[in-house]
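Presented below is the structure to which this report refers.
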Amino acid sequence: MNMKVACLQMDIAFGDIEENVKRAAEQLAAVMEQEPDVVVLPELWTTGYDLTRLDVLGDVDGVHVKGVMSEWAKAYDVNIVGGSIAKRTDDGVTNTMYMFDRSGEIVGEYSKVHLFQLMDEHKFLAPGSDEGQFTVDNVPCAGFICYDIRFPEWLRVHTSKGAEVLFVVAEWPLPRLAHWRTLLTARAIENQCYVVACNRAGSDPNNVFAGHSMIIDPWGEAVAEAGEGEEMLVGTLDFAKIPEVRRGIPVFEDRRPDLYK
């Protein structure tokens, strides 16, 4: 079985939700000419890192953007890993990813567990506490957000439960591009699965972002990689590679979880 995935590596207008929805809609329409099975958006794609205004910009219970993405999924008959948005609730604002199937139904929701203090996330966001498991066209998957990839034990929780594709959405800055590429590759190699990572392009008042969205196979080889600018990255996942790699190096058979304390 194969799955074609597309990452919308978009520039994000700082704090301008209407403009960002318009940009995403335009890129989605363009990339659908290549008939992907899954489309992935970047982290905080509706607001960017306008953290100090998330108490105003945050989408109450995600209602508005969930409606937009659901309509996109239905209209294009495509699965959407909806990057993440600022979800505003009575208990605070979370950095939340929604996943939609081809009928526009939500099949998963994940709020970022690890908040990145270097960019003040802990001052304006509340951490999530649930796992990111979901299914796309009968393939077990999991979703993660940016800083999460520095915590290999968190990703392993999901692959030990069967996830075959790890979707990562991010606003990863350019100065740490080498870390981005190395960490994503390591997560693919150690979990012997696909990693599909959608980063943003462009800059905001405080940061320049790296772009370089990546699709990496279970052997750690790049199926496709974007540059730094706006780009629609498309690649195909061949699921026959996963058992092939796992037979070659039986990492999951040789684990000693009784010792991992």
Same cluster or not: [X] versus [Y], using hydrophobic residues (I, L, V, M, F, W, Y) connected whenever any side-chain heavy atoms lie under 4.5 Å apart?
| X | Y | result |
| --- | --- | --- |
| Ile189 | Val157 | no |
| Val245 | Val165 | no |
| Val60 | Leu44 | no |
| Trp219 | Ile242 | no |
| Phe144 | Leu118 | yes |

Does a donor on one side chain and an acceptor on the other come within less than 3.5 Å for Asp101 and Ser103?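 Yes, side-chain donor-acceptor contact under 3.5 Å.
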For a quick test of reading the model, state the closest non-hydrogen atom pair linking [X] to [Y] and the distance between them.
| X | Y | answer |
| --- | --- | --- |
| Gln9 | Cys198 | N-SG, 4.3 Å |
| Leu115 | Tyr147 | O-CE2, 3.5 Å |
| Gly235 | Val223 | CA-CG1, 4.3 Å |
| Ile145 | Lys112 | O-CE, 3.4 Å |
| Leu8 | Leu28 | CD1-N, 4.0 Å |
| Ile149 | Leu155 | CA-CD1, 4.3 Å |

Taking [X] for the side chain and [Y] for the main chain, is one N or O donor matched with an acceptor at less than 3.5 Å?
| X | Y | answer |
| --- | --- | --- |
| Thr89 | Asp91 | yes |
| Trp72 | Tyr76 | no |
| Asn20 | Ile12 | no |
| Arg187 | Val195 | no |
| Lys4 | Gln34 | yes |
| Lys66 | Asp61 | yes |
| Trp45 | Arg200 | no |
| His212 | Gly227 | no |
| Asp204 | Phe14 | no |
| Gln192 | Ile249 | yes |

Do [X] and [Y] have side-chain heavy atoms sitting under 4.5 Å apart?
| X | Y | answer |
| --- | --- | --- |
| Asp50 | Thr52 | yes |
| His64 | Thr46 | no |
| Ile85 | Thr47 | no |
| Asp59 | Lys87 | no |
| Met99 | Thr135 | no |

N-O pairing of [X] and [Y] below 4.0 Å:
| X | Y | answer |
| --- | --- | --- |
| Glu244 | Arg247 | no |
| Glu230 | Arg23 | no |
| Lys22 | Glu18 | no |

Apply side-chain contact (heavy atoms from CB on, under 4.5 Å) to the pair Phe124 and Asn95, showing each step before the final yes or no. CA-CA 10 Å; Phe124 302 100; Asn95 186 344; over 6 Å; no
So Asp148 and Tyr110, side-chain hydrogen bond (donor to acceptor under 3.5 Å, both in side chains) or not? Walk me through it. CA-CA 12 Å; Asp148 284 336; Tyr110 169 72; 2.7 Å; yes
Tell me whether the NZ or CZ atom of Arg255 lies within the 45° cone about the ring axis of Tyr260 and under 6.0 Å from its centre.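 The answer is no; the distance or angle limit is not met.
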Roughly how far, to the nearest 0.5 Å, is the [atom2] atom of [Y] from the [atom1] atom of [X]?
| X | Y | atom1 | atom2 | result |
| --- | --- | --- | --- | --- |
| Phe252 | Arg246 | CZ | CZ | 4.5 Å |
| Gln133 | Cys141 | CD | SG | 9.5 Å |
| Met232 | Met10 | CE | CE | 12.0 Å |
| Leu125 | Thr94 | CG | OG1 | 7.5 Å |
| Ile106 | Tyr98 | CD1 | OH | 6.5 Å |
| Arg176 | Thr182 | CZ | OG1 | 13.5 Å |

Partner of Leu184 by side chain to side chain contact (heavy atoms under 4.5 Å, CB included), out of Glu225, Met214, His179: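 The option that passes is Met214.
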Apply side-chain contact (heavy atoms from CB on, under 4.5 Å) to residues Leu41 and Ile80 and explain how you reach the verdict. CA-CA 8 Å; Leu41 289 145; Ile80 295 178; 4.3 Å; yes
